[in-house]
S.K.: 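Questions regarding the structure given below will be posed in turn.
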Amino acid sequence: MEINKKDLKILSLEFRRIANRLINCNYATGMDLLAKFLSFINSNEIISDYIKGYINQDDFKGVKSGDAFSSMGDSKQEEISFTYQYLEYCSKNFTNYYINMALHYGSDSDSAIDEFNHRIILPFVNYIEGYLTEIGIKMGYDENTKYIINISGGIVQLNVAEDTGVITANQN
């Protein structure tokens with residue numbers, strides 16, 4: 001798949017937006033936002049292909065409602081694989097974000113959901129966001145702007161040129 005810098009930035013922004021909504025959900029919105037989050041992942045080829053590259057069916061077996069996890073795996077591969085399969089499983093088999101997924105992560109619904117989201121969802125989101133950032137770095141996200149800083153006699157002059165721009169400046 002080909003993507004330009006602008007479209008990659010938009011994809012990354014949209015991903016962060018939907019991920020942030022899920023990370024900050026409550027008991028009433030959790031399942032709907034989880035479905036939207038997974039739909040977004042599955043409908044975006046770059047993200048979907050990245051995750052599929054880590055999926056190992058042996059990393060996940062069905063879980064019971066309310067199971068709590070201290071770890072989603074020992075390696076990046078296991079963590080991405082287990083978390084994605086776990087979220088897909090929960091989305092298809094459970095109806096209550098708090099009772100079925102987050103119950104044993106805290107003493108009340110708000111703290112349990114917050115802890116679940118930060119322990120389970122956030123690391124998964126960070127892997128995907130890190131991948132999108134890595135693509136941007138490889139594409140040269142920030143290589144178009146060149147900064148030239150001249151310091152002479154305690155006076156600083158900052159000149160900014162884009163692309164192949166050339167700057168000629170004198171300090172007086």
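Worth knowing before you read on, the calculation uses all heavy atoms, side chains too, and leaves out hydrogens, waters and symmetry mates. When a residue number appears, it is its place in the shown sequence, counting from 1.
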S.K.: Taking only residues two or more places apart in sequence or in another chain, which ones pass side-chain hydrogen bond (donor to acceptor under 3.5 Å, both in side chains) with Ser81?
M.R.: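 Applying side-chain hydrogen bond (donor to acceptor under 3.5 Å, both in side chains) to Ser81 gives Asp59, Gln85.
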S.K.: Under 3.5 Å, sequence neighbours excluded: what are the donor-acceptor pairs made by side chains of residues 20-27?
M.R.:
from, atom 1, to, atom 2, distance (Å)
Asn20, OD1, Asn24, ND2, 2.8
Asn24, ND2, Asn20, O, 3.0
Asn26, OD1, Ala28, N, 2.8
Asn26, OD1, Thr29, N, 3.0
Asn26, OD1, Thr29, OG1, 3.3

S.K.: Phe15 and Ile41: side chain to side chain contact (heavy atoms under 4.5 Å, CB included), yes or no, with the steps?
M.R.: CA-CA 8 Å; Phe15 175 73; Ile41 287 172; 4.2 Å; yes
S.K.: Of all residues at least two apart in sequence or in a different chain, which pass the ring-ring contact (aromatic ring centres under 6.0 Å, His included) check with Tyr84?
M.R.: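 Listed in chain order: nothing, the list is empty.
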S.K.: Is there a side-chain contact between Arg16 and Leu132, using heavy atoms and a 4.5 Å cut-off?
M.R.: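 The answer is no; the side chains never approach within 4.5 Å.
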S.K.: Pairs under 3.5 angstrom only: tabulate donor-acceptor contacts from the side chains of residues 31-39 to other protein residues two or more places apart or in another chain.
M.R.:
none

S.K.: Who are the side chain to side chain contact (heavy atoms under 4.5 Å, CB included) partners of Asn96, not counting sequence neighbours?
M.R.: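 Partners of Asn96 under the side chain to side chain contact (heavy atoms under 4.5 Å, CB included) test: Tyr98, Ile99, Asn100.
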S.K.: Rounded to the nearest 0.5 Å, what separates atom NZ in Lys92 from atom SG in Cys90?
M.R.: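 It is 11.5 Å, given to the nearest 0.5 Å.
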S.K.: Restricting to side chain to side chain contact (heavy atoms under 4.5 Å, CB included), what partner residues turn up for Asp67, sequence neighbours left out?
M.R.: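 Here the qualifying residues are Val63, Lys64, Phe69.
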S.K.: Among residues at least two apart in sequence or on other chains, which ones pass side-chain hydrogen bond (donor to acceptor under 3.5 Å, both in side chains) with His118?
M.R.: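 Here the qualifying residues are Asp114.
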S.K.: Could you check whether any side-chain N or O of Thr133 sits under 3.5 Å from a backbone N or O of Glu129, counting only pairs where one atom can act as donor and the other as acceptor?
M.R.: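 Yes; at least one donor-acceptor contact below 3.5 Å.
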S.K.: I need the Asn56 CG to Asp58 CG distance, nearest 0.5 Å.
M.R.: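 Output value for this atom pair is 4.5 Å.
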S.K.: Apply side chain to side chain contact (heavy atoms under 4.5 Å, CB included) to Asn44 and list each qualifying residue two or more places apart in sequence or on a separate chain.
M.R.: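 Residues passing side chain to side chain contact (heavy atoms under 4.5 Å, CB included) with Asn44: Leu11, Phe40, Ile47.
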S.K.: Using ring-ring contact (aromatic ring centres under 6.0 Å, His included) as the criterion, list what pairs up with Tyr50, not counting sequence neighbours.
M.R.: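 For Tyr50, the residues satisfying ring-ring contact (aromatic ring centres under 6.0 Å, His included) (neighbours in sequence not counted) are Tyr54, Tyr131.
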S.K.: Just jot down the side-chain hydrogen bond (donor to acceptor under 3.5 Å, both in side chains) partners of Glu45, sequence neighbours excluded, or say none.
M.R.: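 By the side-chain hydrogen bond (donor to acceptor under 3.5 Å, both in side chains) rule, Glu45 matches no residue at all.
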S.K.: Taking all non-hydrogen atoms of both residues, which atom of Ile3 and which atom of Met139 are closest, and how far apart?
M.R.: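 Closest approach of Ile3 to Met139, heavy atoms only: O-CE, 3.2 Å.
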S.K.: Distance check, rounded to the nearest 0.5 Å: Glu79 atom CD versus Tyr127 atom OH?
M.R.: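 Nearest 0.5 Å value for the CD-OH distance: 4.0 Å.
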S.K.: Who are the ring-ring contact (aromatic ring centres under 6.0 Å, His included) partners of Phe124, not counting sequence neighbours?
M.R.: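 None.
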S.K.: Using modelled atom types and a 3.5 Å cut-off, is there a donor and acceptor pairing between side-chain atoms of Glu115 and backbone atoms of Ser111?
M.R.: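 Such a contact is absent between Glu115 side chain and Ser111 backbone.
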S.K.: Does Ser43 have any side chain to side chain contact (heavy atoms under 4.5 Å, CB included) partners at least two apart in sequence or in another chain, and if so, which?
M.R.: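 With sequence neighbours excluded, Ser43 shows a side chain to side chain contact (heavy atoms under 4.5 Å, CB included) to no residue whatsoever.
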S.K.: Quick one: pull up CD1 in Ile46 and CD1 in Ile135 and give me the separation to the nearest 0.5 Å.
M.R.: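 Reported value, rounded in 0.5 Å steps: 5.0 Å.
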S.K.: Can you name the nearest heavy-atom pair linking Asp108 to Asp110, along with the distance?
M.R.: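 Looks like OD1-N, 3.0 Å.
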S.K.: For residues Glu78 and Asp74, report the shortest heavy-atom separation together with the two atoms involved.
M.R.: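 Scanning both residues, the minimum pair turns out to be OE1-N, 2.6 Å.
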S.K.: Would you compute the distance between atom OH of Tyr89 and atom NZ of Lys61 and round it to the nearest 0.5 angstrom?
M.R.: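 Taking OH in Tyr89 and NZ in Lys61, the distance rounds to 12.5 Å.
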S.K.: Please report the interatomic distance CZ(Phe116) to CG(Leu103), rounded to the nearest 0.5 Å.
M.R.: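 Here the rounded value is 11.5 Å.
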